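Computed from a predicted model, the values in this text were never measured in an experiment.
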Amino acid sequence: MDNAYLADLSGAKKKFGSIVALDGLDLQVRPGELFAVLGPNGAGKTTAISLLLGLQQPDAGTARLFGKSPQLVETRRQIGVMMQEAALAPELRVREQIDLVASYYPVPLTPEAAMELTHTTALADRPYGKLSGGQKRQVQFAMAIVGQPKLLFLDEPTVGLDVQARELLWVTLRKLVNNGASIVLTTHYLEEAEALADRVAVLAKGRVLASGTVNEIRSLVVRKRINCSTTLTVEEVAAWPEVENATAVKQRLLITVNNAESVLRRLLAADQNLREVEVRSAGLAEAFVELTQENKV
Amino acid sequence: MSAISAQLPNQLADSAVMPTKRLLRAYFTEAKYETLRMFRTPAFAIPFLGLPVLLYLLFAVAIFGAAIRNDLNAGLFMFAAFALFGVMGPGIFGFGMLVANEREHGLLTLKRALPMPPPAYLVAKLLMAVMFAAIVMATMFAVMPLGHLHFSFAQFFALAAVGIFGALPFCAIGLFIGVRATSRSAPAFVNIIYQLMMHASGLFYPLPKFLRAIAPVWPTYHLQQLFFRVVGVPSQGSAIIHIAVLTGVTLLLSFFAMHRLASKG
């Protein structure tokens with residue numbers, strides 16, 4: 001067990017009845033990083049987090065937090081948690097919810113400071129049950145950070161947030177990382193991982209398909225996109241052997257290729273009127289779709 | 001954004017060690033908010049805090065007041081009935097329905113993931129139920145003179161103890177239901193047990209002979225007998241056995257419930 005990892009899942013297996021949720025999963029979180037866990041529904045993201053939080057035990061393999069069992073409350077005093085589904089007491093006011101969670105930690109922020117950091121000060125005296133879905137998520141975020149944890153687990157933190165609230169949350173996450181905290185984030189939003197993550201793991205069927213920096217994941221997918229205005233027809237271009245796929249979009253041609261340079265040469269030679277050429281690497285979204293599809297998820 | 005960095009301390013807390021003072025504060029805070037939320041739920045607070053005393057005033061003062069004036073034991077019987085009725089409710093409902101709900105809707109999972117001291121969840125609910133029982137006993141004592149009842153100091157404290165500690169077995173029964181039932185079935189189970197315990201134990205009226213034989217299976221019966229002993233109404237069985245049964249029910253059901261809670265959540 002390497003204590004350099006804040007959270008460490010090694011060869012973790014977990015079955016629910018006949019369903020394999022985790023199939024020998026390895027995940028390691030290093031100090032000071034924002035680590036995004038991506039994957040389609042049922043990939044095992046939430047199960048992986050549950051093992052690291054000590055909510056469930058792996059059938060095989062190990063789950064460690066700060067080199068120790070996550071089931072020890074001492075270990076968990078160094079983490080903050082925001083879960084996907086948690087119906088908090090609707091009768092308690094926002095400040096009270098945050099105060100309650102703060103009481104679990106040795107050196108917490110004041111509820112006021114946590115609310116200021118998460119832009120929820122205006123909600124302080126509102127009963128939790130009267131908040132909108134997005135406001136509830138913001139309050140849960142305040143509860144996750146109030147203990148000044150070294151490691152934050154955020155399960156789909158921005159689901160239900162409007163664009164502005166999401167941007168504010170991102171800014172706070174960056175500040176927390178700059179201040180030395182580490183963050184594990186599961187998300188459906190690829191742009192969230194792209195915008196925030198130092199490292200990404202793509203999960204499918206309870207295994208890690210790929211992990212690395214956003215750029216590394218992206219480069220696993222060699223395909224490029226050429227977007228151009230041309231007099232050539234879709235059928236002509238699609239027939240070229242180097243072209244994987246071609247579609248016409250509003251009198252422009254969108255061509256997916258493995259070798260952009262050779263297709264570009266051929267385009268330029270075939271069409272003297274070729275205009276507005278753009279070549280783009282696949283984004284994380286394309287990489288994600290491709291990685292998970294190749295594994296027939 | 002400089003405002004944000006200004007609020008963050010330069011270094012993150014480097015210790016996972018919780019000073020005893022803060023640990024106690026965690027328990028206190030959990031209990032405080034558990035009690036507060038129940039006070040803020042009128043559907044919970046009003047019936048459990050208000051009904052016992054209202055029903056006592058209705059039956060023992062308004063309707064049967066004249067009859068009871070001449071029959072001290074009847075007056076004490078009614079006092080015991082409504083006081084114990086009040087003591088049962090918060091424990092069995094507070095644990096039974098809330099635990100089932102909080103298990104199912106993720107609150108308990110979140111608390112298990114957070115560094116909440118593990119016993120704090122149950123201790124908070126227990127203190128809430130005991131606090132409600134204490135309030136019920138206090139209001140019953142307050143209206144006691146209207147029912148022409150007078151207790152000695154010793155009786156007063158003994159009754160308060162019976163009422164307050166008497167809430168514990170009902171907490172355990174509620175907890176046992178709460179860890180096994182779904183949030184939809186819990187109200188049904190809680191109500192069935194609650195009604196059975198009230199009506200099949202002889203709490204409100206003397207039972208026919210065939211029911212009297214099985215009354216001792218209900219904790220309410222034992223609590224009622226203890227109550228009778230304190231105030232000098234003829235009672236059945238020995239106090240030691242009553243206390244042993246109530247303690248046994250509390251410990252046994254809590255043990256099974258907590259075991260299941262720890263292993264399955």
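Salt bridge R40(B)/E91(A): absent, no basic N to carboxylate O contact under 4.0 Å.
Of the residues considered (A86(A), G54(A), G80(A)), A86(A) shows the highest number of contacts with chain B, using heavy-atom pairs under 4.5 Å. In terms of heavy-atom pairs under 4.5 angstrom with chain B, the leader among L55(A), L88(A), D99(A), L52(A) is L55(A). Heavy-atom pairs under 4.5 Å with chain A were tallied for H105(B), R37(B), K21(B); the largest tally goes to R37(B). Contact count versus chain B (heavy atoms, under 4.5 Å) is highest, among N178(A), V81(A), V101(A), for V81(A).
Applying the 6.0 Å contact sphere to CZ of F141(B) captures more than 12 heavy atoms from other residues, nucleotides or ligands. Atom OH of Y128(A) has more than 12 heavy atoms from other residues, nucleotides or ligands within 6.0 Å. For F255(B), the CZ atom sits in a loose shell: 12 or fewer heavy atoms of surrounding residues, nucleotides or ligands are nearer than 6.0 Å. More than 12 heavy atoms of other residues, nucleotides or ligands shown are found within 6.0 angstrom of CD on E112(A). With a 6.0 Å radius and a threshold of 12 heavy atoms from other residues, nucleotides or ligands, M131(B) has its CE atom at or below the threshold. Heavy-atom contacts from other residues, nucleotides or ligands closer than 6.0 Å to CZ of F39(B) number more than 12. When the shell of 6.0 Å around CD of Q195(B) is examined, it contains more than 12 heavy atoms from other residues, nucleotides or ligands.
Looking at E96(A), the atoms closer than 4.5 Å to chain B (heavy atoms on both sides) sit in the backbone and in the side chain alike. Looking at Y105(A), both its backbone and its side chain come within 4.5 Å of chain B, counting heavy atoms on both sides. For a residue to count as touching a neighbouring chain, one of its non-hydrogen atoms must lie under 4.5 Å from one of that chain's; by this rule L23(B) touches chain A with the side chain only. For a residue to count as touching a neighbouring chain, one of its non-hydrogen atoms must lie under 4.5 Å from one of that chain's; by this rule R93(A) touches chain B with backbone and side chain alike. Using a 4.5 Å cut-off between heavy atoms, A144(A) makes no contact with chain B at all.
Between P106(A) and M18(B) the shortest heavy-atom distance is N-SD, 3.5 Å. Across all non-hydrogen atoms, the minimal contact from I79(A) to P115(B) is O-CD, 4.4 Å. Here the closest non-hydrogen pair linking A26(B) and S103(A) is CB-O, 3.3 Å.
Residues of residues 27-34 of chain B having a heavy atom under 4.5 Å from any heavy atom of chain A, listed by number: T29(B), E30(B), K32(B), Y33(B).
Contact check for T109(B) versus M83(A): side-chain heavy atoms found under the 4.5 Å cut-off. A heavy-atom distance below 4.5 Å is found between the side chains of Y104(A) and K111(B). Inter-residue side-chain proximity for P108(A) and R22(B) is flagged as met; some heavy-atom pair is nearer than 4.5 Å.
Here CG of L100(A) is found 9.0 Å from CG of L114(B). Values are rounded to the nearest 0.5 Å.
At distances below 3.5 Å, not a single donor-acceptor pair connects side-chain atoms of R77(A) with backbone N or O atoms of V17(B).
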